[in-house]
Amino acid sequence: MARLVCVSNRISLPRKSAAPGGLAVGILSALKRTGGLWFGWGGETIEHDPGDPDIHIREGVTYATIELKQNEYELYYNGYSNDLLWPLFHYFLRGMRYSNEERDAYESVNRLFAQKLLPLLQPQDLVWVHDYHLIPLGRLLREMGVQRPIGFFLHIPFPNIEMLRVLPSYAELLNDLTHYDVVGFQTENDLKGFHSGIEYLFGAEAIRPDGRIRVGDRLLRAEVFPIGVDVDGVQAEAVAATDTDVVRRMIDSLMSRSLMIGVDRLDYSKGLVERFSAYQHFLETYPDNIGRITYIQIAPLSRTDVRAYADIRKSLEQAAGRTNWRFADTDWTPIRYLNRNFPHGTLSGFLRAANVGVVTPLRDGMNLVAKEFVAAQDPENPGVLILSNLAGAARELVSALLVNPYDTRAVSHAMQTALSMPLPERRERHAAMLDVIKRNDISTWTRRFVEALEQSQREEARVRVVGKK
Ligand code: F6P
């Protein structure tokens, strides 16, 4: 059987706790099922040239990590990846900044990834590259002679060509994607964005009637593979965490008040400032809730060396401060805003304890916290999910209370609706969402993508045989 090799910028080492939701949790659950190799940046920077990858083997998964030089980290990770591609792909043009030096570093770090990965590859491997940091990697591996199937999955949104064209190197980026055998997106909308780019650059005839894309001698499949969560795992973790000291203490501290919870990386795309304003509006508009609800926002710091992230941090501290200043009492704090992370199991326990989960990004590829919230609930007495209709997850979780995250009044109204929702309606909505996330859980996502890669390999072999005749 082929070995699965996942490659991503960030990897989640077994001894460290993974950030909430996100790529690392997804890849880890996938690899724990299939076994295989996970190759990526270990999160450390150095001053000298990086050496051979560090290898750790744990529970059937081999972790291979490399280090990056400090200036490469600056230009490739903080710069090109997170100060250019991230805002652009999330439709935040104002936050975007382009630099040729960063573009060169993006290429050279991708080359470094390819060079360090190459000696670890085996003849039967299926290579699966993840996310926007590593778009050129497939082309570079091909240039180095790798013939095995290589797939790419984008965890974040893919913009329409009219947005993408703002990027001076948009043609290279699109062309690089055509070097993969399978390119996967979170939603139909992202796939449409990709098709719009392919059509713009290579003409409408590049997209064949069967949906595959032909560019020169390359033939690829571009499809939608919405990422899921490990539903049974999250459920079990959430139940187990209920009896832990940390979750008990949190519940006791509520003193029977309702709990609304948000768990997001501290990122401007997550809509936290807008969410805090909506909560303040909610307390003003529905004053019966004053003193009766606690909103806990967990927001671990993220990408702290990028200016936009420092700015959003300041705005949030002010926004939380304003609401607490206005409404807090000697025995009640309306918002508990925590910039720290918790182990995944503890977070699942917190999610289970919540009456309302609030997930209101301004734009999001999928948002796995929304799915984890559903998985963590007690089906007999579930909490209510308020979900942004600009998150990929809204395509599947249609039984959530869907809101436009910019609409303060609508979000605050949804908070009131969620808190007063009768049990039968809560159960019905939750059951519908649980069914959806069970049908498309993390193993379905992995299996579908790997099958697509294997199929591309069979097609490739057929083409070779026919070519020989
Ligand atoms: O897809 C975006 C994403 O990779 C998430 O999946 C993940 O949670 C987050 O970004 C991690 O960001 P970083 O690696 O920059 O900390």
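First listed ligand is number 1; within each ligand, the first listed atom is number 1. Model, not experiment: these values are computed from the prediction.
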S.K.: Checking the N or O distance criterion of under 3.5 Å, is ligand 1 in contact with Trp86?
M.R.: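 Checking ligand 1 against Trp86, no N or O pair falls under 3.5 Å apart.
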S.K.: Is there a polar contact, in the sense of an N or O pair closer than 3.5 Å, between Ser302 and ligand 1?
M.R.: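 No, Ser302 has no N/O under 3.5 Å of an N/O on ligand 1.
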S.K.: Just jot down the ligand 1 atoms closer than 4.0 angstrom to any heavy atom of Ile156, in number order.
M.R.: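 It comes down to these atoms of ligand 1: 1 (O), 2 (C).
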S.K.: Angle class for the Phe153/His155 ring planes (parallel below 30°, perpendicular above 60°, tilted otherwise)?
M.R.: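 Perpendicular.
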S.K.: Compute the shortest N/O to N/O distance between Ala24 and ligand 1 and return yes if it is under 3.5 Å, no if not.
M.R.: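 No, there is no polar N/O contact under 3.5 Å.
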S.K.: If every non-hydrogen atom of Pro149 is compared with every non-hydrogen atom of Asp181, which pair is closest and at what distance?
M.R.: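 Between these two residues, the closest heavy atoms are CA-OD2, 3.2 Å.
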S.K.: Give yes or no for whether the N/O distance cutoff of 3.5 Å, strictly under, is met between Tyr132 and ligand 1.
M.R.: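 By distance alone, the answer is no.
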S.K.: If we set the cut-off at 4.0 Å for heavy atoms, which region of Phe153 has an atom near ligand 1: side chain, backbone, both, or neither?
M.R.: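 Looking at Phe153 and ligand 1, no heavy atom falls under 4.0 Å.
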S.K.: Could you check which of Arg303, His133, His155, Met366 puts a non-hydrogen atom nearest to atom 12 (O) of ligand 1?
M.R.: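 Minimum heavy-atom distance to atom 12 (O) of ligand 1 goes to Arg303.
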S.K.: Which of the numbered atoms in ligand 1 are under 4.0 angstrom from any heavy atom belonging to Tyr77?
M.R.: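 Those of ligand 1 that fall under 4.0 Å from Tyr77 are 13 (P), 14 (O), 15 (O), 16 (O).
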S.K.: Salt-bridged, Glu143 to Arg139, with N to O below 4.0 Å?
M.R.: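 A salt bridge links Glu143 with Arg139.
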S.K.: Under 4.0 Å between a side-chain nitrogen and a carboxylate oxygen: does that hold for Arg3 and Asp125?
M.R.: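 The answer is yes: the pair qualifies as a salt bridge.
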S.K.: Establish, for the pair Arg265 and Trp86, whether the NZ or CZ atom is under 6.0 angstrom from the six-membered ring centre and no further than 45 degrees off its axis.
M.R.: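 Verdict for Trp86: a cation-pi partner in Arg265.
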S.K.: Hey, does the side chain of Asp264 reach the backbone of Leu266 with a donor-acceptor pair shorter than 3.5 angstrom?
M.R.: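 Answer holds: no.
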